[in-house]
**Student:** 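One structure follows; several queries about it will come next.
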Amino acid sequence: MENNQPVRVRFAPSPTGRTHLGSGRTALYNYLLARQTGGTFILRIEDTDQKRYVPEAEQELVHSLRWLGLSWDEGPDVGGPNGPYRQSERKDIYRQYAEQLISLDRAYYCFCSTERLAEMRKGQQVRKEPLVYDGTCRHLSVAEVQRRVMAGEPHVVRFKTPRQGSITVRDLLRGEITVENRYLDDFILVKSDGLALYHLAAMVDDHLMGITHVIRGSEWLSTFPLHGHIIRAFGWTEPIFVHLSVFLKPSGKGKMSKRESAQLIQDGHSVFLTDLEQLGYIPEGVANWIALMGWSYDDHTEYFCLQDLVDKFSLQKLNPSPAAINFTKLDYFNGLHIRTLAAEDLAERVRPFFDAGGYVVDSDKLRQVAPLIQPRITTLDDALDMAGFFFKDEVQPNPAELIGKKMTAAQSAHAARRSYDILASLAEINVETAEQPLRELADGMGLNPGQLFGILRVAVTGQSVSPPLFESMAVIGKAKVLQRIQDAIAALDAMDSAG
RNA sequence: GCCCCCAUCGUCUAGUGGCCCAGGACGCGGCCCUCUCAAGGCCAAAACAGGGGUUCGAGUCCCCUUGGGGGCACCA
């Protein structure tokens with residue numbers, strides 16, 4: 001809010017795997033800042049590494065971001081004036097800028113083999129030196145370079161990092177970061193296959209696309225000084241850099257490993273956005289949750305819809321320290337947002353889960369059920385356990401559960417019969433018609449309402465935990481309710497005679 | 001090993017020298033409500049990593065230690 005200048009920001013993932021919570025948050029923050037300032041949000045695909053390229057990754061990414069509710073103004077799927085938006089399609093652009101750096105004497109050709117490089121590092125390792133390129137190809141004559149390139153010798157282009165002095169770059173959250181140049185490598189800018197590496201490609205694109213704020217993960221902090229060198233070598237104006245904290249595993253000890261990520265889904269959680277969707281988390285809940293991991297709002301508000309976040313987001317309130325993922329808080333936020341949904345909306349969202357569970361659901365009935373389950377579920381998926389019985393023809397109660405608390409099977413059967421007679425006499429069963437007479441019945445029989453209602457609950461819903469009894473009966477309908485009570489009486493009688 | 005970053009309740013965090021014997025949220029415990037389960041309401045327990053400075057005064061500034069994280073690739 002304090003920054004009302006329209007920003008140009010970008011989310012620039014590499015399509016190498018599944019879309020993670022951390023990516024979701026980075027994308028979200030970029031989006032929020034763009035929308036808040038009336039700026040531009042660009043999606044750029046950083047696919048310069050063909051070895052790690054996963055074809056489905058970009059689709060999953062786009063799906064997940066859209067699911068979260070984000071939209072972008074420029075990108076590979078929507079186009080825009082700064083395209084192409086896939087780096088693999090911008091190869092010639094990078095080559096051109098690499099050559100410019102060479103002519104500026106800020107980059108050079110390097111012919112060292114990967115074997116020689118590995119050997120070099122081994123030596124540096126034992127001598128406890130920084131693992132940086134030793135500069136062998138730094139001072140090759142123009143003639144020699146030309147000869148070897150012509151001869152078709154494999155080569156890369158390296159940045160000529162100054163050997164003396166230091167560089168100071170500025171991160172919005174951390175302030176100035178100064179590093180001595182001797183610890184910085186002569187990073188490779190262009191690989192031997194002619195494709196640029198991130199360091200060059202991202203800086204060139206950010207410049208060409210007019211990016212004003214680079215909001216990215218803190219894994220880039222260590223190469224940040226190099227990026228500063230590249231930008232300054234070209235004489236470009238520097239965008240504002242914001243490095244977001246990393247997510248730690250729930251224990252707070254370390255980052256989530258692949259194996260641990262896979263393990264998570266066993267208990268209904270995941271760090272992958274598409275998994276969360278399938279698990280029954282809703283985008284409002286997930287967005288609220290990740291927004292608050294590393295960002296806060298001063299008045300202690302924690303409940304935010306996407307538009308609230310757009311209005312209230314602020315770079316200044318970002319927190320640079322790593323944050324442990326807290327799934328119980330996700331459950332809380334998800335439940336919170338489910339409860340604020342309109343009943344019809346909830347019904348619609350829950351429907352695919354019933355479909356997937358093999359239920360045949362009637363739309364009208366589902367709309368009636370929605371408000372009943374709304375305060376009782378934390379994920380959409382929970383609806384099946386809570387309300388599946390509404391959509392079954394028959395219900396199979398556990399016979400033992402049909403017996404009322406501190407009662408015998410015979411007593412329970414008797415109570416069920418008396419209840420049956422009352423309910424059968426009603427024109428229609430609902431809270432208004434049924435509750436009062438059944439309470440009186442319980443009272444007359446010397447039972448707690450809980451004892452009687454418990455028997456009926458298990459009989460009618462087939463489960464000991466359910467939405468409120470009479471509301472449930474109203475949805476199920478008189479005929480089915482009576483049938484189920486009759487079945488329960490039979491089961492109780494059978495238990496009684498069995499001893 | 002080398003470089004960089006971070007450090008308040010179990011977790012997410014508020015806190016930018018006095019308003020803090022540290023506030024909120026999740027979770028946990030208790031109570032209320034209640035036909036079950038939830039939801040909701042109320043109450044409680046729970047933290048400034050350690051050591052040095054600076055200052056009249058430090059969670060807040062500086063240094064060291066410790067701990068945690070990231071990076072050290074022809075990955076991003």
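Order of the sequence lines fixes the chain letters, A, B, ..., with proteins taken first and strands second; residue numbering starts at 1 for each chain.
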**Student:** When the C1' atoms of B:rG51 and B:rU13 are considered, how many whole Å apart are they?
**Tutor:**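 About 27 Å, rounded to a whole number of Å.
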**Student:** Expressed as a whole number of angstroms, how long is the span from A:F304:CZ to B:rU13:C1'?
**Tutor:** 12 Å
**Student:** How far does the P atom of B:rC31 sit from the matching atom of B:rU16, given to the nearest Å?
**Tutor:**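 The answer is 38 Å between these two P atoms.
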**Student:** By nearest heavy atom, map A:L184 and A:L330 onto RNA chain B; which one lands nearer the 5' end?
**Tutor:** A:L184
**Student:** In chain order, what residues pass the ring-ring contact (aromatic ring centres under 6.0 Å, His included) check against A:F272, with sequence neighbours excluded?
**Tutor:** none
**Student:** Base, sugar-phosphate or nothing for A:G294? Non-hydrogen atoms, less than 4.0 Å.
**Tutor:**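 Sugar-phosphate contact only.
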**Student:** Tell me, for nucleotides 28-41 of chain B in 5' to 3' order, what letter each nucleotide earns: B for a base near a protein heavy atom under 4.0 Å, S for only sugar-phosphate near one, - for neither?
**Tutor:** -------BBBBSS-
**Student:** Roughly, in whole Å, what's the span from CZ in A:R174 to P in B:rC5?
**Tutor:** 9 Å
**Student:** Going by purine N1 to pyrimidine N3 plus the second Watson-Crick contact, or the G-U wobble pair, all under 3.5 Å, which nucleotide sits opposite B:rG67?
**Tutor:** B:rC6
**Student:** Do A:F313 and A:W295 make the cut of ring centroids closer than 6.0 angstrom?
**Tutor:**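 Here the rings of A:W295 and A:F313 have centres that are less than 6.0 Å from each other.
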**Student:** Can you say whether a donor on the side chain of A:E302 sits under 3.5 Å from an acceptor on the base of B:rG24, or the other way round?
**Tutor:** yes
**Student:** Run the salt-bridge test on A:K255 and A:E260 with the 4.0 Å N-O cut-off and return the result as yes or no.
**Tutor:** no
**Student:** With sequence neighbours left out, which residue pairs that include part of residues 369-379 of chain A fulfil the side chain to side chain donor-acceptor pair (under 3.5 Å) condition?
**Tutor:**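 Matches after skipping sequence neighbours: A:T378-A:D382, A:T379-A:D382.
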**Student:** Watson-Crick or G-U wobble partner for B:rU36, using a 3.5 Å limit on both distances?
**Tutor:**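 Checking every strand shown, B:rU36 finds no partner, since no pair has both distances under 3.5 Å.
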**Student:** Tell me the interatomic distance from A:F247, atom CZ, to B:rC5, atom P, rounded to whole angstroms.
**Tutor:**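 To the nearest whole Å, that distance equals 22 Å.
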**Student:** How would you list, by chain and number, every residue that makes a ring-ring contact (aromatic ring centres under 6.0 Å, His included) with A:H155, sequence neighbours excluded?
**Tutor:** A:Y109, A:F111
**Student:** Side chains of A:L184 and A:H229, heavy atoms from C-beta outward: is any pair under 4.5 Å?
**Tutor:**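 A side-chain contact exists here, since the closest heavy-atom pair is under 4.5 Å.
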**Student:** Just so I know, are the side chains of A:Y303 and A:L336 near enough to count as touching, which here means a heavy-atom distance under 4.5 Å?
**Tutor:**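 Yes, at least one pair of side-chain atoms sits under 4.5 Å.
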**Student:** Looking at A:N319, I'd like to know whether one of its side-chain N or O atoms comes within less than 4.0 Å of OP1 or OP2 on B:rC6.
**Tutor:**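 Negative; the distance criterion is not met.
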**Student:** Sort out the partner of B:rU16 for me: Watson-Crick or G-U wobble, both distances under 3.5 Å, none otherwise.
**Tutor:** none
**Student:** Could you list the residues that satisfy side chain to side chain contact (heavy atoms under 4.5 Å, CB included) with A:T301, not counting sequence neighbours?
**Tutor:**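 Expected list: A:Y297, A:D299, A:F304.
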**Student:** Considering residues at least two apart in sequence or located in another chain, which fulfil the side chain to side chain contact (heavy atoms under 4.5 Å, CB included) criterion with A:A57?
**Tutor:**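 Testing A:A57 for side chain to side chain contact (heavy atoms under 4.5 Å, CB included), a comparison that skips the adjacent residues, returns A:P15, A:V54.
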**Student:** Between A:E180 and A:L318, which has a closest nucleotide on RNA chain B that is more 5'?
**Tutor:** A:E180
**Student:** How long is the line joining CG of A:L244 and C1' of B:rC5, in whole Å?
**Tutor:**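 It is 14 Å, rounded to the nearest whole Å.
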**Student:** Rounded to whole Å, how long is the line connecting atom CZ of A:F327 with atom C1' of B:rG27?
**Tutor:** 15 Å
**Student:** Would you classify A:K317 as touching base, sugar-phosphate or nothing, given that sugar-phosphate means primed atoms plus P, OP1 and OP2, and contacts are heavy atoms under 4.0 Å?
**Tutor:**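 Answer is sugar-phosphate: A:K317 comes under 4.0 Å of backbone atoms only.
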**Student:** Pairing check on B:rA44: which nucleotide meets the Watson-Crick or G-U wobble criteria with it, both distances under 3.5 Å?
**Tutor:** none
**Student:** Report the base-pairing partner of B:rG27 (Watson-Crick or G-U wobble, both distances below 3.5 angstrom), or none.
**Tutor:**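 Paired with no nucleotide.
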**Student:** How close or far is atom P of B:rG15 from atom CD of A:Q316, stated in whole angstroms?
**Tutor:** 12 Å
**Student:** What distance, rounded to whole Å, do you find between the two P atoms, one in B:rA58 and one in B:rC19?
**Tutor:**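 Straight-line distance between the two P atoms is 11 Å.
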**Student:** Give the rounded distance in Å between these two atoms: OH of A:Y303 and C1' of B:rU13.
**Tutor:**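 Between C1' of B:rU13 and OH of A:Y303: 20 Å.
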**Student:** List in chain and number order the residues that pass side chain to side chain contact (heavy atoms under 4.5 Å, CB included) with A:A370, two or more places apart in sequence or in another chain; answer none if no residue qualifies.
**Tutor:** A:A343, A:L346, A:A347
**Student:** If a pair satisfies side chain to side chain donor-acceptor pair (under 3.5 Å) and one of its residues is in residues 442-461 of chain A, list it, with sequence neighbours excluded.
**Tutor:**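 Checked against side chain to side chain donor-acceptor pair (under 3.5 Å) - neighbours excluded - the pairs reaching residues 442-461 of chain A are A:R457-A:S466.
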**Student:** Using a 4.0 Å cut-off on protein heavy atoms (strictly under), produce a 5'-to-3' string for nucleotides 61-76 of chain B with B for base contact, S for backbone-only sugar-phosphate contact, and - for none.
**Tutor:** -------SSBSSSBBB
**Student:** Tell me the interatomic distance from A:R170, atom CZ, to B:rC5, atom P, rounded to whole angstroms.
**Tutor:**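 So the two atoms are 13 Å apart, to the nearest Å.
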